[in-house]
Every structure is written in structure tokens, then in C-alpha cells.
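Proteins come first, then strands; the chains are lettered A, B, ... in the order of their sequence lines, and each starts at number 1.
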Protein chains: 2
Amino acid sequence: MALFSFTEENYIKCIYHLGKSSPMVSTNAIAQNLNTKAASVTDMLRKLSDKEILIYQKYKGVKLKALGESIAIKTIRKQRLWECFLVEKLEFGWDEVLEVAEQLEHIQSPKLTDSLDAFLGFPSYDPHGDPIPNKQGVFPSSLGKTLDAYKPGLKLKITAVKDSSPEFLRYLEKLKIDLKTKIEIIEIEDFDQSMVVKIDGVVRSLSQVTCQNIYAQ
Amino acid sequence: MALFSFTEENYIKCIYHLGKSSPMVSTNAIAQNLNTKAASVTDMLRKLSDKEILIYQKYKGVKLKALGESIAIKTIRKQRLWECFLVEKLEFGWDEVLEVAEQLEHIQSPKLTDSLDAFLGFPSYDPHGDPIPNKQGVFPSSLGKTLDAYKPGLKLKITAVKDSSPEFLRYLEKLKIDLKTKIEIIEIEDFDQSMVVKIDGVVRSLSQVTCQNIYAQ
DNA sequence: CAATTTTTTTAGGTTCGTCTAAATTTATAT
DNA sequence: ATATAAATTTAGACGAACCTAAAAAAATTG
């Protein structure tokens with residue numbers, strides 16, 4: 001297993017993010033994003049290309065290969081787990097975490113990452129609401145969002161729960177809510193953000209807290 | 001406030017440790033300790049000397065100046081706090097922590113260090129039993145012990161507090177307890193381990209919890 | 001105390017990641 | 001379609017931290 005430098009990881013992460021909005025990432029875009037100069041980027045791109053991390057064609061921009069994607073996702077996983085830690089355990093404000101998390105994300109220790117994940121209760125989203133890939137590199141995006149993020153009129157399917165305590169699960173059982181249950185949002189009460197929903201033809205009310213702990217899509 | 005590189009911090013920490021057993025630290029000793037070559041050490045020593053971190057005389061070895069000591073102690077503080085975190089919170093074995101802690105100790109964020117310290121309950125010793133300097137760089141050995149470890153009849157001087165929350169500090173103010181306050185232990189109540197003490201001629205009672213958070217010697 | 005060994009420093013070179021300035025390729029616009 | 005503008009790459013250099021080999025200083029030893 002090859003190791004990558006702090007700097008290389010930053011380039012890879014940057015290219016991953018920029019790649020979300022355009023298939024080919026340009027030298028200049030990277031330079032701007034990393035606060036560096038285009039010439040420095042070109043040098044690094046040739047190096048990363050030699051290392052099979054990305055596909056680079058002169059003047060045509062760059063695209064991550066599978067290896068590069070996996071490094072990017074591992075780095076993002078670490079960053080977002082550390083952000084959770086800082087906010088939830090060390091009482092940082094969500095706006096103070098970035099600088100520190102960008103240092104912590106380069107610590108090399110798979111055991112540390114996975115232990116931290118477990119210690120935090122395997123969170124799916126970081127304090128900014130960004131999804132955290134799991135150990136296998138899979139994002140929770142396929143879970144949709146928590147119920148409270150949706151609007152009346154939608155017909156959804158429950159995908160997961162956030163709080164998986166026995167208490168909450170027992171409560172859901174009582175409501176006849178299960179994985180894959182179909183749910184229709186009838187309306188949202190203005191005064192307490194509780195939701196009126198239809199489940200199996202039965203109309204029920206769910207508190208805001210409950211909605212914040214149910215993923216649906 | 002100047003910042004120091006990962007590498008510089010390692011040299012400084014190494015010199016600090018070697019300086020414990022001999023006043024002048026030799027080039028070769030450093031090279032061996034850091035798994036590098038004497039020539040590389042010489043280069044770095046000249047650089048650190050220029051930065052006022054240590055006193056370097058050709059062929060005579062090296063000795064940290066106040067600035068160097070303070071950097072070393074800050075780094076040691078971070079290393080040992082992280083070791084506590086890894087063992088206590090993430091269930092690492094005490095023999096697995098070194099490699100990871102030596103990465104984590106270079107994270108630059110005073111807020112992170114102090115929050116971590118608080119999160120861990122201001123530990124005085126790491127999992128290997130090594131003392132952890134406090135925020136002011138003072139090692140617990142020179143702080144004496146917490147009050148609850150002493151016996152009646154002793155006349156002591158307050159050296160520090162363990163819990164430095166505003167709440168506790170305000171409470172101490174009310175008791176007229178300050179750094180360097182002289183305190184005499186009159187007796188210890190058997191049933192709740194509270195202490196009757198004389199401060200400035202006034203007799204007061206301190207709860208066990210309070211005593212556990214005041215260092216004296 | 002002179003010779004040898006050990007330690008340390010100097011000299012010169014390498015890699016990594018950066019830079020500026022100049023050259024080249026691609027894109028845009030008249 | 002050709003001129004101009006923008007993006008990108010090349011060339012050459014720099015600082016940091018490292019290296020090897022050779023020179024110099026200090027310590028050891030007969």
C-alpha cells in the first residue's frame with residue numbers, strides 16, 4: 001500500500017471536489033482552489049499521472065482514476081469524521097472546524113479512523129450536513145435526507161434511521177414504521193414543525209425530533 | 001507567534017529529551033535518536049540557532065533556550081494528551097499509541113489542545129505514566145499533589161488547579177483561594193472526606209471534590 | 001606528547017514542492 | 001480565418017530537509 005504526502009492528498013481531494021461539477025478538471029481551477037500557481041499544478045499533475053492516480057493529457061485537463069478516487073474518499077472520510085469529533089465532543093463551532101480538520105485529515109492510521117468512527121457512533125453526516133463515506137468508501141447519499149428536509153405532498157420511502165437506540169426503534173415499531181415503509185407528507189405544522197404523514201393509509205403526526213432521525217427518499 | 005515545521009518540532013523535542021541526561025546534547029546523539037545523519041543534524045542546528053531556539057557552538061553540542069524549551073513542552077503536552085485520548089476513548093493499547101501520537105502532536109491549534117485536555121478531564125499522566133504539562137507548561141511533579149492526598153497538620157502552598165473552568169475559579173475566588181495562597185490542613189472529616197483548613201487565619205471546610213481539584217505542595 | 005580514532009563540520013548533490021518569466025497551445029472575437 | 005486573448009506548459013531557480021564523501025577538530029591512547 002503506497003503512501004501519499006500531505007500535499008498529494010490535498011491535490012487529489014481538490015480534483016475530486018472540482019470533478020463533481022465538470023468531468024475534466026482544469027489546471028487553473030486547481031491552482032485557484034489550492035492557492036498556488038498553474039505551473040506548480042502542472043508539475044504535480046505529471047507526478048500524479050506517473051503514479052497512476054489520474055489521467056492527464058496536456059492542455060486537456062485531468063480526471064481521477066479509481067486509485068485517485070479512493071484516496072480522495074478516504075481523505076474526505078477522515079476530514080468529516082474529525083469535524084464531527086470537534087463539534088460534538090470538543091464543542092467547536094461548526095464554523096471553526098475546517099482549519100483543524102484539514103490538518104487532522106492527513107493523519108495516517110486506518111485504525112485511528114475506524115475507531116474514531118465507532119466512537120462517534122458511525123455518523124452519516126458531518127456538522128455541515130455533508131455525507132460521510134463509510135469504511136468501504138460508500139456515501140450515505142443513497143439514504144436521501146432526514147424527513148424534516150422534505151416538503152408536503154411528497155411520497156417517500158424510509159431508507160434508514162439516524163438514532164438507532166432501542167428506545168427509538170421501539171417507538172418506530174409502534175408507529176408501524178419500518179425500513180422501506182412508504183410515507184406521504186400531508187402537511188407541516190408551522191408552530192412546532194411537526195409533520196402530518198400518511199403511513200399505510202393511516203394519518204399520523206410525527207414530532208420534529210422524530211423526523212430528524214428518519215432518513216427517506 | 002512564529003510557527004515551526006513538523007521536522008523542527010521533532011528536533012526540538014528530541015534535544016529536550018536528551019538534555020535531561022546531559023546538559024550539552026551532541027550532534028551524534030541527535031542523529032541516532034532521529035534516525036538521520038550527523039551532517040543533516042548540523043544543518044538543522046545552525047538553522048535552529050539562527051531562530052534563537054537553542055545555543056549552538058561548533059563541536060561543543062547544543063542546549064535549548066527558553067523558546068526551545070517552551071516548544072518542546074508544548075509538543076510533549078500534545079503527544080501525551082493524544083496518547084490519553086487514544087487509550088481512554090478509542091481503546092488503543094498503550095503500546096500502539098506512539099506512532100499515531102507522533103503524528104497528532106504536530107497539529108497546530110491551541111484551542112484543539114486545550115479542548116482535548118478538558119474533554120479528557122485534565123489528566124496529569126499519560127498511559128505510560130509520564131507527566132503531562134498543563135497549559136502553562138508546568139509539569140504535575142512540581143505542582144505537588146492534589147489537596148486530598150495530604151494529611152492534617154501540614155502547612156502547604158497552593159500551586160495550581162486541575163479544573164480551570166470559570167465556575168470553579170469563581171468558587172475559589174469566593175474562598176479567597178489563589179495561586180500561592182498558604183493553607184493549613186486542620187482535619188479531615190471521616191464520613192465525607194471533606195477537609196477543614198485554615199486560610200489567612202479563617203477556618204473553612206472544603207469538599208472532597210474541591211480538594212481533588214487543587215494542587216498544593 | 002604524538003599518533004590514531006572518533007566526532008563534527010563542510011562541500012556538493014538530490015528530491016519535493018514551490019515560484020517567475022517565457023514559450024506554446026487553445027479559445028475567442030472581429 | 002486570422003488576430004488577439006487566455007490557458008497551459010516549459011525552463012530555470014529557490015528553500016527545506018535530506019544524503020555521501022572529504023576535511024577538520026576534538027578526544028583517546030600508547
Holding to ring pair (Phe, Tyr, Trp, His ring centres under 6.0 Å), I want the full list of residues that pass it with [X], two or more places apart in sequence or in another chain.
{"X": "H17(B)", "answer": "none"}
{"X": "F6(A)", "answer": "H106(A)"}
{"X": "Y215(A)", "answer": "Y125(A)"}

- request: When you get a sec, tell me which of dC18(D), dC19(C), dT10(C) is the closest nucleotide to the side chain of T36(B)?
  value: dC18(D)

field: Closest listed nucleotide, where the reference is the side chain of M44(A) and the choices are dT10(D), dT20(D), dT18(C)
entry: dT18(C)

d([atom1], [X]; [atom2], [N]) in whole Å:
{"X": "D50(B)", "N": "dG15(D)", "atom1": "CG", "atom2": "C1'", "result": "14 Å"}
{"X": "R46(B)", "N": "dC18(D)", "atom1": "CZ", "atom2": "P", "result": "14 Å"}
{"X": "Q32(B)", "N": "dT7(C)", "atom1": "CD", "atom2": "C1'", "result": "12 Å"}

field: Interface with DNA chain C, restricted to residues 51-61 of chain B and to heavy atoms under 4.0 Å
entry: Y56(B), K58(B), Y59(B)

query: Near DNA chain C, which residues from residues 16-30 of chain B have a heavy atom under 4.0 Å away?
result: S26(B), T27(B), N28(B)

message: For a side chain to side chain contact (heavy atoms under 4.5 Å, CB included) check, start with the C-alpha distance between L172(A) and I214(A), then their side-chain angles and the critical distance, and finish with the verdict.
response: CA-CA 10 Å; L172(A) 291 182; I214(A) 298 174; 3.8 Å; yes

Remember a base hit wins even if backbone is also touched, and classify [X] as base, sugar-phosphate or nothing at under 4.0 Å, heavy atoms.
{"X": "S40(B)", "answer": "base"}
{"X": "Y11(A)", "answer": "sugar-phosphate"}
{"X": "T7(A)", "answer": "sugar-phosphate"}

query: Has K37(A) got a side-chain N or O lying under 4.0 Å from the OP1 or OP2 atom of dT18(C)?
result: no

- prompt: Can you list the steps and then say if V87(B) with D126(B) is a side chain to side chain contact (heavy atoms under 4.5 Å, CB included)?
  reply: CA-CA 9 Å; V87(B) 168; D126(B) 76 9; over 6 Å; no

Under-3.5 Å donor-acceptor pair between D43(B) side chain and dC18(D) base: yes

message: Using only atom types and a distance under 3.5 Å, with no angle test, would you say the side chain of Y56(B) pairs donor to acceptor with the backbone of D50(B)?
response: no

Nearest atoms (heavy-atom pairs only) where R77(A) meets P133(A): NH1-O, 3.1 Å

- prompt: Is the closest basic N to carboxylate O distance between E99(B) and K111(A) below 4.0 Å?
  reply: no

field: side-chain contact (heavy atoms from CB on, under 4.5 Å) partners of L120(B), counting only residues at least two apart
entry: L81(B), C84(B), F85(B), E88(B), K89(B), L116(B), P123(B)

